[in-house]
Amino acid sequence: MILACHNIDKSFGDRVIVRHGSFHIEEREKAALVGVNGAGKSTILKMIMEEEPADGGDITLARGKTIGYLAQRQDLLPGGTIYDELRSAKADIFEMEQRIRAIELELKSLSGAELESRLDTYNRLQSEFESKNGYACESEIVGVLKGLGFAEEEFSKKTDTLSGGQKTRVALGRLLLTNPDILLLDEPTNHLDLNSISWLETYLINYPGAVFIVSHDRYFLNRVVTKVIEIENGELRTYMGDYKAYSVKKQQIRDARLKEYFNQQREIRHQQAVIDKLKSFNREKSIRRAESREKMLEKITPVEKPVQTAEMHFTLEPSCVSGNDVLTVEHLSKQYGSQVLFRDVDFEIKRGEHVAVIGDNGTGKTTLLKILNQAEQADAGSFTLGAKVRIGYYDQEHHVLHDEKTIFEEISDAYPTLTNTQIRSTLAAFQFTGDEVFQEIRSLSGGEKGRVSLAKLMLSEANFLILDEPTNHLDIASKEILEEALNNYSGTLLYVSHDRYFINSTATRILELVNQTFVNYIGNYDYYLEKKEALTQAYAPASGSSSAPGSASAPADTAAENTSGSKLSWQEQKEQQAKERKRRNDLKKTEEEISRLEERNTQIDRELTLEEVYSNSVRCQELAAERAANETRLEELYEMWETLAE
């Protein structure tokens, strides 16, 4: 075990967070902490980090082990750049490298015992530097930054100018580079696009230490974790397996407990009816038999009825049916200054389709939705809504809500024909009851604002829903309810989301925004992944992006089609294949040269330990110079390899 929590207790006033809770994390284990919003997940992480005191119990980190923590809000050192911030995680290695370089310069002027002493220090530092993978340190930093979605031109950005989401990504990158024995991650996939989430999954799966994650991303949890710890109504329970296995097992346990409860209640009612009947006979023997049964009944240990967590309850139903052609987009373009988001794009959406828009952060997905909702203007092109189309819009920033209003006023002002009883019933379905309906919008959390926005969406009776990140801030139970409502929705759906599990459950079609155009996939997220891989070689954007679009009408072994239907020509495919062969050959040659130089440096290090070498100052200087030249060349090769491997 690397981390153990035994009989921990925590309350805030009358509100119990956890009662006599216990769990443990083993070395190299990947575990998740799950529960509804407000259950106390972040509080438990803070207790482990001693940022929040426990009321009772023991929290133990194995002796000599290190722990790293990513909170939902991060503070970075002022004045530095993104690259500086991540470089600080490897400060000890860079300091060691400076000492090695300084000793190499000293060796030229030393001899005898002094030279021998410095060589001993030099060899020890070299050995430690190599064991810490020092030569690949810069490449590792660049790899993490790119994996988290930062372009090279952003590396020099000052951290003071970054958004909250960007700061969280920087903090995550810095934490990963410190390589602690156990990582505590609170919602690590927030603010990451799909490519970055996929990169993080692979990184954590291969991470040599333990990982303890709080996340509502079910797809992410299914890929990464092998154990799930649930906090519910103050109790901690451990389930082995990924999130799907946990979900199935939890339902099985709940069903079994509910069955046991109902069976016991039925038996109690039966016994009580028999007792009452025996007593009604009013004879000595029947009364004694009734008393005997009463004593048996008193010895029964009651089975507690499983508690059902309060959940949202809603349905989405359009007030009228739209025409078959819901949306037609023609030659649409948008850019901000020199940054082109998309150019000359065409696509259509038909009635009943559920279309997910995916793509990297900053490519223009939300901007597209704003244009369609007339919150922004396109630079060129147009879009047309079909007959009887009524739009319902869900904004991830909740700009459709009014901070100065109460929840009740937000609904009553938007739908003045509703009675007070109807408004309260609607809000109760979204977990707002009693005086909670008079809270001001400005005082609500992100999840609470999301529920108010969903309530307005339900009441809109729209037949074309446009949703921007609808699952943000929702816990897993609320996401599942939203998924069910959308899958039962008979209207048309267009949404932007980074939630792959949600996309898989609700999308019938995917539009990927890549290299300033939209690429069409007819299917859910699993289908997209399958076709994306198959069509990578067939579709190569001019920018050299590795994203591979697919087409509904093109089989996986043919050239890809973009949304306008044009295929790569035979000549273009041949040129592309030739470029790919050259890239692979160059990559192989680069790897061979790296291997040769690394082996030579290892050989030099061995030679420097020989008496006939370290006692010869001229030979030592020659070898040190050769090694320094090799290191310079290796740095160039590492950069070349990274470029070719992308």
Under the salt bridge (Lys or Arg N to Asp or Glu O under 4.0 Å) test, which residues partner [X], sequence neighbours left out?
X: Arg442; answer: Glu440
X: Lys30; answer: none
X: Arg424; answer: none
X: Glu52; answer: Lys10

For the residue pair Arg266 and Asn263, what are the closest heavy atoms and their distance?
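Scanning both residues completely, I find the closest heavy atoms to be NH2-OD1, 2.6 Å.
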Please report the shortest heavy-atom distance between Val34 and Lys41, naming the atom on each side.
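Residues Val34 and Lys41, closest heavy atoms: C-CD, 3.6 Å.
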Which class fits the ring pair Tyr243 and Tyr501: parallel under 30°, tilted 30 to 60°, perpendicular over 60°?
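Judged by the thresholds at 30° and 60°, the geometry between Tyr243 and Tyr501 is perpendicular.
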Any residue meeting side chain to side chain donor-acceptor pair (under 3.5 Å) with [X], in chain and number order, not counting sequence neighbours:
X: Lys405; answer: Asp413
X: Glu483; answer: Arg218
X: Asp468; answer: Thr366, Gln396
X: Arg269; answer: none

Main-chain N/O of [Y] paired with [X] side-chain donor or acceptor, under 3.5 Å:
X: Glu469; Y: His498; value: yes
X: Asp360; Y: Gly149; value: no
X: Asn463; Y: Cys320; value: yes

[X] and [Y]: side-chain donor and acceptor closer than 3.5 Å?
X: Gln271; Y: Glu267; answer: yes
X: Asn195; Y: Ser198; answer: no
X: Tyr415; Y: Thr426; answer: no
X: Asp344; Y: His331; answer: yes
X: Tyr246; Y: Lys250; answer: no

Between Arg500 and Glu201, does the salt bridge (charged side-chain N to carboxylate O under 4.0 Å, His left out) criterion hold? Intermediate values first, please.
CA-CA 13 Å; Arg500 295 160 298 169; Glu201 284 170 351; 2.4 Å; yes
Who pairs with Tyr489 by ring-ring contact (aromatic ring centres under 6.0 Å, His included), at least two apart in sequence or on another chain?
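Partners of Tyr489 under the ring-ring contact (aromatic ring centres under 6.0 Å, His included) test: none.
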Any pair counted as salt bridge (charged side-chain N to carboxylate O under 4.0 Å, His left out), so long as it reaches residues 373-386, sequence neighbours left out:
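Every salt bridge (charged side-chain N to carboxylate O under 4.0 Å, His left out) pair that includes a residue of residues 373-386, provided the two are not neighbours, is Lys334-Glu376, Lys334-Asp379.
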Pairs flagged by salt bridge (charged side-chain N to carboxylate O under 4.0 Å, His left out) wherever residues 380-389 is involved - sequence neighbours left out:
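Listed once each, the pairs would be none.
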Is it true that, when you exclude Gln377 itself, more than 12 heavy atoms of the residues, nucleotides or ligands shown sit nearer than 6.0 Å to its CD?
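No, the 6.0 Å shell around CD holds no more than 12 heavy atoms from other groups.
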For Lys249, look at atom NZ and say whether over 12 heavy atoms of other residues, nucleotides or ligands are found less than 6.0 Å away.
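No, NZ of Lys249 has 12 or fewer neighbouring heavy atoms, counting only those of other groups under 6.0 Å.
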Report the C-alpha separation of Glu461 and Arg390 in whole Å, then their side-chain angles, then the decisive distance to 0.1 Å, and conclude whether the salt bridge (charged side-chain N to carboxylate O under 4.0 Å, His left out) test is met.
CA-CA 8 Å; Glu461 297 182 338; Arg390 290 183 56 187; 5.1 Å; no
Could you note down all residue pairs passing ring-ring contact (aromatic ring centres under 6.0 Å, His included) where residues 250-273 supplies at least one of them, sequence neighbours left out?
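Sorted result for residues 250-273: empty, none.
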